[in-house]
Number of protein chains: 2
Amino acid sequence: MPEKCVDLIFADPPYNLQLGGELTRPDQSRVDGVDADWDRFASFDDYDLFTHDWLAACRRVLKDTGTLWVIGSYHNIFRVGTVLQDQGFWILNDITWRKTNPMPNFRGTRFANAHETLIWASKSQDQKTYTFNYEAMKALNDGVQMRSDWVLPICTGAERLKDGHGEKAHPTQKPEALLRRVLMSSTNPGDVVLDPFFGTGTTGAAAKQLGRRFIGIEREETYVRLAEARLAKVIPFDPAAREVTRSKRQEPRIPFGWLIERGLLEPGTMLFDPKRRWAAKVRVDGTLVCDGTTGSIHRTAAQIQGLDACNGWTFWHFDVEGRLIPIDVLRQQLRAELN
Amino acid sequence: MPEKCVDLIFADPPYNLQLGGELTRPDQSRVDGVDADWDRFASFDDYDLFTHDWLAACRRVLKDTGTLWVIGSYHNIFRVGTVLQDQGFWILNDITWRKTNPMPNFRGTRFANAHETLIWASKSQDQKTYTFNYEAMKALNDGVQMRSDWVLPICTGAERLKDGHGEKAHPTQKPEALLRRVLMSSTNPGDVVLDPFFGTGTTGAAAKQLGRRFIGIEREETYVRLAEARLAKVIPFDPAAREVTRSKRQEPRIPFGWLIERGLLEPGTMLFDPKRRWAAKVRVDGTLVCDGTTGSIHRTAAQIQGLDACNGWTFWHFDVEGRLIPIDVLRQQLRAELN
DNA sequence: CGGCCAGTTGAATCCCGCC
DNA sequence: CGGCGGGATTCAACTGGCC
């Protein structure tokens with residue numbers, strides 16, 4: 001695979017570090033845990049080397065502007081996080097996936113292990129131009145910014161893939177809703193997503209639904225076949241519906257002066273702060289005259305508040321029949337016209 | 001300190017935030033961050049050595065039947081967890097402290113960092129006779145097994161210690177409720193609790209309340225004096241009294257976007273007002289496209305009705321075989337699932 | 001005394017492009 | 001690569017004053 005060709009990596013690395021004997025429920029029935037051969041490591045050192053290897057390979061193919069997600073539990077996530085940091089990845093968030101329906105602790109010896117941890121990281125501390133669809137995440141959360149704790153059920157029911165015998169096909173199949181949230185937060189339509197531990201292809205399913213391209217790597221042929229069959233049946237969402245709200249930062253910039261140029265604001269119009277304590281006159285070049293000084297909408301607003309900076313778009317208002325309207329609505333109007 | 005004399009250790013080790021510039025809120029007020037000198041480390045290696053040293057010292061004084069708690073955030077917790085495992089500690093749980101009132105992400109660049117992580121560990125894999133008051137935790141949780149995610153507010157108000165000038169005395173004072181839950185879960189009355197980073201003595205306060213003995217180690221004289229004054233005022237709980245059961249939390253908020261995420265509503269679905277005069281298309285981030293504009297269910301409904309606000313849950317309906325069903329029924333359904 | 005409103009604050013790895 | 005400046009950005013809980 002060529003260098004720096006991937007926009008996002010999602011990885012659910014295997015581990016088997018702490019499984020002692022067999023786990024039984026109080027009624028002595030056996031719990032079908034995770035004990036596939038591919039999941040076994042002899043020591044922490046072995047696991048660290050494995051982690052170092054696959055993360056280095058991911059680093060090589062990830063674009064500088066790309067980000068990496070890893071999911072794990074307390075068995076392995078601390079080691080993964082340490083190696084990540086050692087390789088220069090810069091952690092942006094750790095996310096707690098709070099499971100609504102986890103397996104209880106049958107023995108009553110510990111707290112019910114009811115969450116898993118995701119780490120979201122960029123390639124380096126300096127790289128600040130990663131994709132984060134802040135507004136989409138905020139919209140998804142009813143207008144309140146999304147937090148680092150996500151409440152989602154584990155994968156059960158029809159979504160959970162079965163093998164030929166009606167048993168679950170994969171021990172740790174992730175819910176598609178989790179992957180959709182990951183992809184929606186940190187990719188754009190058309191981006192290339194890589195999952196180096198593809199399993200039964202949940203990452204691919206979410207990517208196909210959302211109109212992202214994807215690459216999956218999987219060693220077990222059984223899983224590959226299951227994933228292929230699964231992905232063939234996935235129906236992408238309506239292309240119009242999968243568009244998300246873009247952050248203002250990524251929208252084309254609308255300079256204040258354009259409002260005057262385009263006639264949305266007359267030169268000479270008086271602007272006011274929300275409480276009508278201050279007034280400013282709009283000049284033809286988009287500067288304001290306020291209290292004897294001139295400057296941009298931002299500078300004048302900042303000067304009044306006696307601070308370093310200020311968002312003039314929300315500070316300054318114009319008068320319509322006695323009511324004050326923020327000038328930002330004019331920007332929205334112009335932005336709509338320019339689309 | 002003699003070997004193996006301590007029943008429980010609770011540690012909140014310092015770490016270096018590597019702060020860049022000054023952080024300001026959107027209203028340009030300054031955030032009073034953590035930048036104490038004692039909190040700085042030059043490199044990951046330095047931090048790992050520091051962690052290795054204090055954990056080894058803890059290991060020496062901890063009884064074989066004792067357990068250790070460490071609290072941290074993504075900046076340091078992965079390194080702490082790795083060193084713990086390397087020294088032979090056996091992780092029993094990782095606990096997510098979900099803060100009800102965290103500081104938001106002011107710049108919209110990441111998810112709000114709304115939780116911290118605690119690791120609970122015994123001295124070795126073989127040691128199975130540690131203290132875990134399963135029934136007490138279950139009782140504290142309304143008769144349901146306590147999970148690995150704890151919802152508690154951060155320390156504010158009267159509990160938050162102030163210095164002489166009315167400023168917060170310690171940058172990271174933990175809530176006593178958190179420490180009480182820790183001590184209640186994994187110690188018995190009379191046990192000896194050690195806190196090697198005592199700060200203003202929250203661990204001591206909780207221990208005194210619950211009738212546990214404690215040892216605190218603190219380098220900063222200011223904190224030592226504050227802790228002494230604080231602890232003198234702490235009144236132990238009535239030995240016969242039991243922790244009161246917390247009232248049930250208010251109904252969890254269900255963001256509209258979750259319906260799409262969880263598959264209760266397909267992206268691209270058309271919604272209608274009760275009289276089918278208007279139609280809107282559901283997008284993947286939970287916004288609606290209606291008559292050329294986009295917005296939340298509430299905003300679109302309000303725009304149509306020409307009002308300041310509107311309850312979109314009752315305004316918008318989806319079509320099932322020609323009949324219109326309000327989307328609110330889906331919210332009720334999801335709320336039931338999330339309980 | 002209570003309700004309402006405005007103001008304050010908390011472990012935070014918190015912008016980006018142009019010159 | 002550093003400096004400069006435009007411009008984007010916040011949630012829940014508590015406090016205190018006023019009516």
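Here is how names work: the chains are called A, B, and so on, in the same order as the sequence lines, proteins then strands, and each is numbered from 1. Computed from a predicted structure; not experimentally measured.
- Checked options B/V80, B/I119, B/I77, B/L178; the residue passing with B/I71 is B/L178 (criterion: side-chain contact (heavy atoms from CB on, under 4.5 Å)).
- When heavy atoms are screened at a 4.0 angstrom cut-off, B/N105 is found touching base atoms of the nucleic acid.
- At the heavy-atom level, A/E135 lies under 4.0 Å from the strands shown only through sugar-phosphate atoms.
- For A/K248, no side-chain nitrogen or oxygen approaches OP1 or OP2 of D/dG7 to under 4.0 Å.
- Comparing D/dA8 with C/dC18, their P atoms sit 15 Å apart, to the nearest whole Å.
- In terms of modelled atom types and a separation under 3.5 Å, the side chain of B/W150 and the main chain of B/R98 share no donor-acceptor contact.
- Under the rule for a ring-ring contact (aromatic ring centres under 6.0 Å, His included), the partners of B/F256 that lie at least two apart in sequence or sit in another chain are B/W313.
- One finds the CD1 atom of B/I91 at 10.0 Å from the CG atom of B/N93 (value rounded to the nearest 0.5 Å).
- Following rounding to the nearest Å, B/R98 (CZ) and D/dC11 (C1') show an atom-to-atom distance of 15 Å.
- Contacts of B/A112 with the nucleic acid, taken as non-hydrogen atoms under 4.0 Å apart, are absent.
- B/D12 comes within 4.0 angstrom of a base, heavy atoms only.
- Closest approach to the B/T156 side chain among D/dG6, D/dC14, D/dG7 is made by D/dC14 (side chain taken as heavy atoms from C-beta onward).
- Distance, B/E167 CD to C/dT8 P: 13 Å, rounded to whole Å.
- Under the side-chain hydrogen bond (donor to acceptor under 3.5 Å, both in side chains) criterion, A/Q87 pairs with A/H52, not counting sequence neighbours.
- Taking the side-chain hydrogen bond (donor to acceptor under 3.5 Å, both in side chains) definition, one finds that A/K138 meets it with nothing, sequence neighbours left out.
- Side chains of B/D163 and B/H170: a donor-acceptor N/O pair is absent below 3.5 angstrom, by distance only.
- Under the stacking criterion of a centre-to-centre distance below 5.5 angstrom and an interplanar angle below 30°, B/Y15 sits stacked against the six-membered ring of C/dA11.
- Atom C1' of C/dC1 sits at a distance of 15 Å from the matching atom of D/dG16, rounded to the whole Å.
- Here B/R160 reaches the OP1 or OP2 of C/dA11: one of its side-chain N or O atoms lies under 4.0 Å away.
- In terms of phosphate contacts, B/R110 brings no side-chain nitrogen or oxygen within less than 4.0 Å of OP1 or OP2 of C/dA12.
- Comparing the C1' positions of C/dG10 and C/dC14 gives a spacing of 15 Å, expressed to the nearest Å.
- Between the NE2 atom of A/H298 and the C1' atom of D/dG7 there is a distance of 5 Å, rounded to whole Å.
- In terms of position on DNA chain D, the residue among B/G157 and A/F256 whose nearest nucleotide sits closer to the 5' end is A/F256.
- Residue order along DNA chain D, read from the 5' end via each residue's closest nucleotide, puts B/G108 first among B/N101 and B/G108.
- For A/H317 and A/F272, the ring centers sit 6.0 Å or farther from each other.
- Atoms CZ (B/R30) and C1' (C/dG10) sit 17 Å apart, rounded to a whole Å.
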Taking only N/O atoms, report every protein-nucleotides 15-18 of chain C pair under 3.5 Å with atom names and distance.
| residue | atom | partner | partner atom | Å |
| --- | --- | --- | --- | --- |
| C/dC15 | OP2 | B/R107 | NH1 | 2.0 |
| C/dC16 | OP2 | A/K128 | O | 3.2 |

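- A distance cut-off of 5.5 Å between ring centres, combined with a plane angle under 30°, places A/W90 in a stacking arrangement with the base of C/dT13.
- Closest-nucleotide positions on DNA chain C for B/C155 and B/P104 were compared, and the one nearer the 5' end corresponds to B/C155.
- Side-chain atoms of A/S148 come within 3.5 Å of backbone N or O of B/A112 as a donor-acceptor pair.
- B/D27 and B/S29 share a side-chain donor-acceptor pair at under 3.5 Å.
- The side chain of B/K99 places no N or O atom within less than 4.0 Å of a non-bridging phosphate oxygen (OP1 or OP2) of C/dG10.
- Rounded to the nearest Å, the gap between the P atom of C/dC16 and that of D/dT10 is 15 Å.
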Pairs counted as Watson-Crick or G-U wobble with both distances under 3.5 Å: what dot-bracket string results for DNA chain C, using | for bases tied to another strand?
-> .|||||||||....|||||

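- In this structure, NE2 of B/H75 is placed 6 Å from C1' of C/dA12, rounded to the nearest angstrom.
- Each of D/dT10, C/dA12, C/dA11 was ranked by its minimum atom distance to the side chain of A/Q145; first place goes to D/dT10.
- Not one side-chain nitrogen or oxygen of A/W313 sits closer than 4.0 Å to the OP1 or OP2 atom of D/dG7.
- Residues satisfying the ring-ring contact (aromatic ring centres under 6.0 Å, His included) criterion with A/W120, sequence neighbours excluded, are A/W69, A/Y130, A/F132, B/F111.
- With rounding to whole Å, A/D94 atom CG is found 13 Å from C/dA11 atom C1'.
- The distance from atom NZ of A/K138 to atom P of D/dA8 is 14 Å, rounded to the nearest whole Å.
- No contact: A/L92 has no heavy atom under 4.0 Å from any strand.
- You won't find any donor-acceptor pair under 3.5 Å spanning the side chain of B/R25 and the base of C/dT8, going by distance alone.
- A/R147 comes within 4.0 angstrom of no nucleic acid atom, judged by non-hydrogen atoms across all strands.
- Nearest to the side chain of B/D27, among D/dT10, D/dC11, C/dG10, sits D/dT10.
- Taking the six-membered ring wherever Trp is involved, the centroid distance between the rings of B/F41 and B/F50 falls below 6.0 Å.
- Atom pair A/W120:CH2 and C/dC14:P shows a separation of 13 Å (rounding to whole Å applied).
- A glycosidic torsion no more than 90° from 0 defines the syn conformation, and C/dT13 adopts it.
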